[in-house]
Protein chains: 2
Amino acid sequence: MVSRLLDPPAPLAGTDADAVFRALADGTRRDILRRTLGGEHSISALAERYEMSFAAVQKHVAVLDRCGLIEKQRFGKEQLVRARVERIAQASGLLAEFEQLWRDRVGRIDLLIASDYSAEASDHSPNDEPTPNT
Amino acid sequence: MVSRLLDPPAPLAGTDADAVFRALADGTRRDILRRTLGGEHSISALAERYEMSFAAVQKHVAVLDRCGLIEKQRFGKEQLVRARVERIAQASGLLAEFEQLWRDRVGRIDLLIASDYSAEASDHSPNDEPTPNT
DNA sequence: CTAACGTACAACCAAATGGTTTCACGACTT
DNA sequence: AAGTCGTGAAACCATTTGGTTGTACGTTAG
């Protein structure tokens, strides 16, 4: 239990992943993430950077907040926004799992090629275990 | 130019990233991706796995196709779907850039702590260069 | 105290999403 | 030739999204 803090973050699951990827699917929000990865910014400081209204930017920040990609910290009348890398790492991790799945397939194909039992190669349904939503 | 094929794929830019992340923001589509990473499947074979209509699954496949996360290959009357890892790797790469940005910040903070010029530490606007949409 | 600032939130709107049902068409089966 | 299978695409609907404007409220500055 000692190294708990150093463990890679548990990958995103289900609804969480939905929200995180949906949040990432907007250029303005990705830009806000970039800015707040490089240092804290108040919401209005962020808003000055974009051509849309303050309220619009505030909504984007809210989206990022709801899915945990940023955190806000009140500082007097200002609210400082800071990106949460761990959360980004979680999304990253989910994609890494996908890439691993692919490597697994390549491994199986190599096995097939190496083996002599190439007779049943026309079978079309190698994958099972319906794991919807993760 | 020889090692071109081994280069990491150029990271997603702008609208592409929007589409890819939006496509990833749905559990059913992520599941389809997983299945087709493990081997080809026809659209109807995929459709059997989910509780929604065939047309709905077909639409999900279309979304994944439009943003390049899968490719389809006609085989007689069937259309085989296969995930494209490179595209997933591109999304992965964009997130990796984010994590790198964060490491850069940590680096700057370390420098600050190490240096004697801690006088101007109260300045609030370290980041510039508006790079919207990427 | 008053004014200005930073934030929050509600109401509204156009466009996109995720689902449905239905129809059409080419490709195999018999 | 007729029927079934796999696919594509249109029309429709409810919900969500990304933007707007306007209002309200606590905090800081004059």
Side-chain angles (χ1 to χ4, degrees), chain A residues 14-33 35-36 39-67 69-82 122 124-125 132-133, chain B residues 14-33 35-36 39-67 69-82 122 124-125 132-133:
Chain A
T15 315
D16 274 17
D18 284 23
V20 168
F21 284 120
R22 210 178 315 120
L24 288 171
D26 181 287
T28 304
R29 282 192 297 255
R30 285 195 304 277
D31 203 61
I32 292 178
L33 259 193
R35 287 228 167 75
T36 56
E40 287 97 350
H41 295 261
S42 74
I43 302 185
S44 36
L46 285 171
E48 287 172 6
R49 302 294 190 154
Y50 308 97
E51 287 188 338
M52 62 196 83
S53 69
F54 168 83
V57 174
Q58 192 189 357
K59 276 193 185 182
H60 282 304
V61 170
V63 169
L64 290 168
D65 192 25
R66 257 182 273 126
C67 72
L69 278 169
I70 61 149
E71 55 190 352
K72 300 192 281 188
Q73 186 179 5
R74 188 162 281 285
F75 224 88
K77 70 178 170 183
E78 283 183 336
Q79 190 99 248
L80 294 192
V81 175
R82 173 174 56 227
S122 60
H124 265 177
S125 62
N133 243 16
Chain B
T15 315
D16 274 17
D18 283 23
V20 168
F21 284 120
R22 209 178 317 120
L24 288 171
D26 181 288
T28 304
R29 280 191 300 253
R30 286 194 303 275
D31 204 60
I32 292 177
L33 260 193
R35 286 228 167 75
T36 56
E40 288 97 349
H41 294 261
S42 74
I43 303 184
S44 36
L46 285 171
E48 288 172 7
R49 302 292 192 156
Y50 308 97
E51 287 187 339
M52 62 195 84
S53 69
F54 168 84
V57 174
Q58 191 190 354
K59 276 193 183 179
H60 283 303
V61 170
V63 170
L64 291 169
D65 192 25
R66 258 182 273 126
C67 72
L69 278 169
I70 62 150
E71 55 190 351
K72 299 191 280 188
Q73 186 180 4
R74 190 161 277 285
F75 225 88
K77 68 178 171 184
E78 282 183 336
Q79 191 99 246
L80 294 193
V81 175
R82 175 174 54 228
S122 61
H124 266 178
S125 61
N133 244 14

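Computed from a predicted model, the values in this text were never measured in an experiment. Just so it is clear: chains get the letters A, B, ... in the order the sequence lines come, proteins before strands, and each one is counted from 1.
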Output the rounded distance in Å from [atom1] ([X]) to [atom2] ([N]).
| X | N | atom1 | atom2 | result |
| --- | --- | --- | --- | --- |
| B/Asp65 | D/dG8 | CG | C1' | 13 Å |
| B/Arg49 | D/dG6 | CZ | P | 15 Å |
| B/His41 | D/dT7 | NE2 | P | 13 Å |
| B/Lys72 | D/dG6 | NZ | P | 16 Å |
| B/Ile43 | C/dG26 | CD1 | C1' | 15 Å |

task: Determine, for A/Arg30 against B/Asp18, whether the closest basic-nitrogen to carboxylate-oxygen distance falls under 4.0 angstrom.
output: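 Looking at A/Arg30 and B/Asp18, the cut-off is met.
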
message: Between B/Arg82 and B/Gln73, does the side-chain contact (heavy atoms from CB on, under 4.5 Å) criterion hold? Intermediate values first, please.
response: CA-CA 8 Å; B/Arg82 175 174 54 228; B/Gln73 186 180 4; 3.7 Å; yes

Qualifying residues under side chain to side chain contact (heavy atoms under 4.5 Å, CB included), relative to B/Arg66, sequence neighbours excluded: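 B/Ala62, B/Val63.
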
task: Mind checking side chain to side chain contact (heavy atoms under 4.5 Å, CB included) for B/Ala19 and listing every partner two or more places apart, or none if nothing turns up?
output: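 Only B/Cys67 meet the side chain to side chain contact (heavy atoms under 4.5 Å, CB included) criterion with B/Ala19.
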
- prompt: Atom NZ of B/Lys77 and atom OG of B/Ser42: how far apart are they, to the nearest 0.5 Å?
  reply: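 With rounding to 0.5 Å, NZ (B/Lys77) is 10.5 Å from OG (B/Ser42).
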
Distance (rounded to the nearest 0.5 Å) between B/His41 NE2 and B/Ile32 CD1: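 Between atom NE2 of B/His41 and atom CD1 of B/Ile32 there are 10.5 Å.
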
Just N and O in the side chain of [X]: are any of them under 4.0 Å from OP1 or OP2 of [N]?
| X | N | answer |
| --- | --- | --- |
| A/Gln79 | C/dA8 | yes |
| B/Gln58 | D/dG8 | yes |
| B/Ser44 | D/dC5 | no |

Residue among B/Met52, B/Arg49, B/Glu51 satisfying side-chain contact (heavy atoms from CB on, under 4.5 Å) with B/Val57: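 The passing option is B/Met52.
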
message: Name the residue from B/Leu64, B/Thr36, B/Asp65 that meets the side-chain contact (heavy atoms from CB on, under 4.5 Å) definition with B/Val81.
response: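 The side-chain contact (heavy atoms from CB on, under 4.5 Å) with B/Val81 is passed solely by B/Thr36 among B/Leu64, B/Thr36, B/Asp65.
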
message: For A/Phe21 versus B/Leu24, what's the shortest heavy-atom pair and its separation?
response: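 Closest heavy-atom pair between A/Phe21 and B/Leu24: CD1-O, 3.7 Å.
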
Any side-chain donor near an acceptor of the partner, A/His60 and A/Arg29, under 3.5 Å: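 Indeed, the side chains of A/His60 and A/Arg29 share at least one donor-acceptor pair under 3.5 Å.
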
message: Checking A/Glu48 now: which residues fulfil side-chain hydrogen bond (donor to acceptor under 3.5 Å, both in side chains) with it, not counting sequence neighbours?
response: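 A/Glu48 satisfies side-chain hydrogen bond (donor to acceptor under 3.5 Å, both in side chains) with no other residue.
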
task: Sugar-phosphate means primed atoms, P, OP1 and OP2; the rest is base. With that split, encode nucleotides 15-22 of chain D 5' to 3' as B, S or - using protein heavy atoms under 4.0 Å.
output: --SSBBB-

Using the 3.5 Å cut-off, write out each protein N or O paired with an N or O of nucleotides 27-30 of chain C and the distance between them.
none

task: Specify the angle, to 10°, made by the local axes at the two ends of the helix from C/dC1-D/dG30 to C/dT30-D/dA1 when five pairs are taken at each end.
output: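 Inter-axis angle at the ends, rounded: 20°.
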
